[in-house]
Amino acid sequence: MTEADLPDVVRGEYEKPAWTRAQFEGELHHPQGWQFIAHSRKTGQFAGYLCGRSVADESEIIKIAVVPDCRRQGVARQLLQAAVRHMQCSGVTRCFLEVRQSNVAARKLYEKNLFHQSGVRRKYYSEPLEDALIFKLDLVEEKVEKEQE
Ligand SMILES: CC(C)(COP(=O)(O)OP(=O)(O)OC[C@H]1O[C@@H](n2cnc3c(N)ncnc32)[C@H](O)[C@@H]1OP(=O)(O)O)[C@@H](O)C(=O)NCCC(=O)NCCS
């Protein structure tokens with residue numbers, strides 16, 4: 001992700017609460033931040049993004065979203081695979097993320113990509129008030145590569 005991608009990224013903020021351009025800029029310039037952008041193979045148009053951060057051997061996926069017209073085509077899976085490759089190359093051994101309990105699409109996405117639920121933060125989200133499920137991915141190199149073949 002670069003500054004040039006930000007208009008597309010901000011326009012693609014369909015879910016609430018939406019991030020502002022300033023928040024994405026903060027992420028772009030965050031010393032521990034890294035991001036990936038996806039474009040449609042057919043049209044070349046912006047399809048989605050993923051923002052992550054790493055500290056030492058631990059990473060967090062801060063945000064992932066795919067534009068509605070491009071969903072259920074494997075875009076998020078490919079963004080996660082790019083993130084996994086990046087984390088493995090950086091010596092990361094575990095990755096965490098938080099997801100709303102009601103977000104079935106995201107939960108299924110993470111489970112399908114070898115994340116497992118490792119905890120719950122009660123009443124973590126507001127509007128509506130909801131628990132956050134904590135998902136963890138252990139980056140054991142052979143296992144991740146084998147499963148993703
Ligand atoms: C969650 C999200 C990123 C998934 O993106 P996507 O590109 O459609 O996901 P993929 O096509 O890569 O799907 C991979 C797998 O995830 C699961 N999945 C994705 N969307 C799903 C849905 N709506 N219902 C059930 N399972 C779903 C499926 O197992 C799917 O595999 P399959 O299509 O072979 O069955 C997308 O729905 C989105 O942007 N949602 C809004 C933002 C959001 O909720 N982000 C996550 C915050 S934690």
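First listed ligand is number 1; within each ligand, the first listed atom is number 1. Since the model is a prediction, treat every value here as computed from it, not as a measurement.
Looking at ligand 1, you won't find any N or O of Ala106 less than 3.5 Å from one of its N or O atoms. The shortest N/O to N/O separation between Ile64 and ligand 1 falls below 3.5 Å. Among the atoms of Lys112, some N or O lies under 3.5 angstrom from an N or O of ligand 1. Backbone and side-chain nitrogen or oxygen atoms of Val99 are examined, and none is located within less than 3.5 angstrom of a nitrogen or oxygen of ligand 1.
Looking only at side-chain heavy atoms (C-beta outward), Lys136 and Arg94 come within less than 4.5 Å of each other. Considering only heavy atoms from C-beta on, Glu3 comes within 4.5 Å of Arg21 through its side chain. Within the 4.5 Å cutoff, no side-chain heavy atoms of Ser90 are placed close to those of Trp34. For the pair Phe46/Cys70, no side-chain contact is recorded, criterion being any heavy-atom separation below 4.5 Å from C-beta on.
Between Leu114 and the options Leu139, Leu137, Asp138, a side-chain contact (heavy atoms from CB on, under 4.5 Å) holds for only Leu137. A side-chain contact (heavy atoms from CB on, under 4.5 Å) with Val75 is found for exactly one of Ile64, Val67, Val66, namely Val66.
In this structure, the protein non-hydrogen atom closest to atom 37 (O) of ligand 1 is Arg71 CD, 3.5 Å. Protein heavy atom in closest approach to atom 48 (S) of ligand 1: Tyr110 OH, 3.2 Å. When only non-hydrogen protein atoms are considered, atom 39 (O) of ligand 1 lies nearest to Val66 N, 2.8 Å. Among all protein heavy atoms, the one lying closest to atom 23 (N) of ligand 1 is Ala105 CB, 3.4 Å.
Formation of a donor-acceptor pair under 3.5 Å by the Glu130 side chain with backbone atoms of Ser102 is found in this model.
Within ligand 1, the atoms closer than 4.0 Å to a non-hydrogen atom of Ala65 are 39 (O), numbered from 1 in the order shown. The ligand atoms of ligand 1 that sit less than 4.0 angstrom from a heavy atom of Gly74 are 10 (P), 11 (O), 12 (O). Remark: ligand 1 atoms within the under-4.0 Å shell around heavy atoms of Glu98 are 48 (S). Distances below 4.0 Å separate heavy atoms of Asn103 from the following atoms of ligand 1: 43 (C), 44 (O), 46 (C), 47 (C).
Looking at Tyr49 against ligand 1, nothing comes within 4.0 Å, counting heavy atoms. Contacts of Arg100 with ligand 1, taken as heavy-atom pairs under 4.0 Å, are absent altogether. When heavy-atom distances to ligand 1 are checked against a 4.0 Å cut-off, Gln73 comes that close only through its backbone atoms N, CA, C and O.
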Verdict with reasoning, Gln101 to Tyr125, per side chain to side chain contact (heavy atoms under 4.5 Å, CB included): CA-CA 10 Å; Gln101 187 162 28; Tyr125 292 107; over 6 Å; no
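Separation of atoms CD (Gln81) and CZ (Arg85) is listed at 6.0 Å; rounding is to 0.5 Å.
Between the choices Leu109, Leu133, Val75, the shortest heavy-atom distance to atom 16 (O) of ligand 1 belongs to Leu109. Atom 2 (C) of ligand 1 has its nearest heavy-atom neighbour, among Ala76, Ala132, Gly12, in Ala76. Residue nearest to atom 30 (C) of ligand 1, selected from Arg72, Glu111, Arg77: Arg72 (by heavy-atom distance).
When only modelled atom types and interatomic distance are considered, Tyr49 and Glu13 share a side-chain donor-acceptor pair under 3.5 Å.
Between Asp131 and Arg122 there is a salt bridge, with a side-chain nitrogen of the basic residue lying less than 4.0 Å from a carboxylate oxygen of the acidic one.
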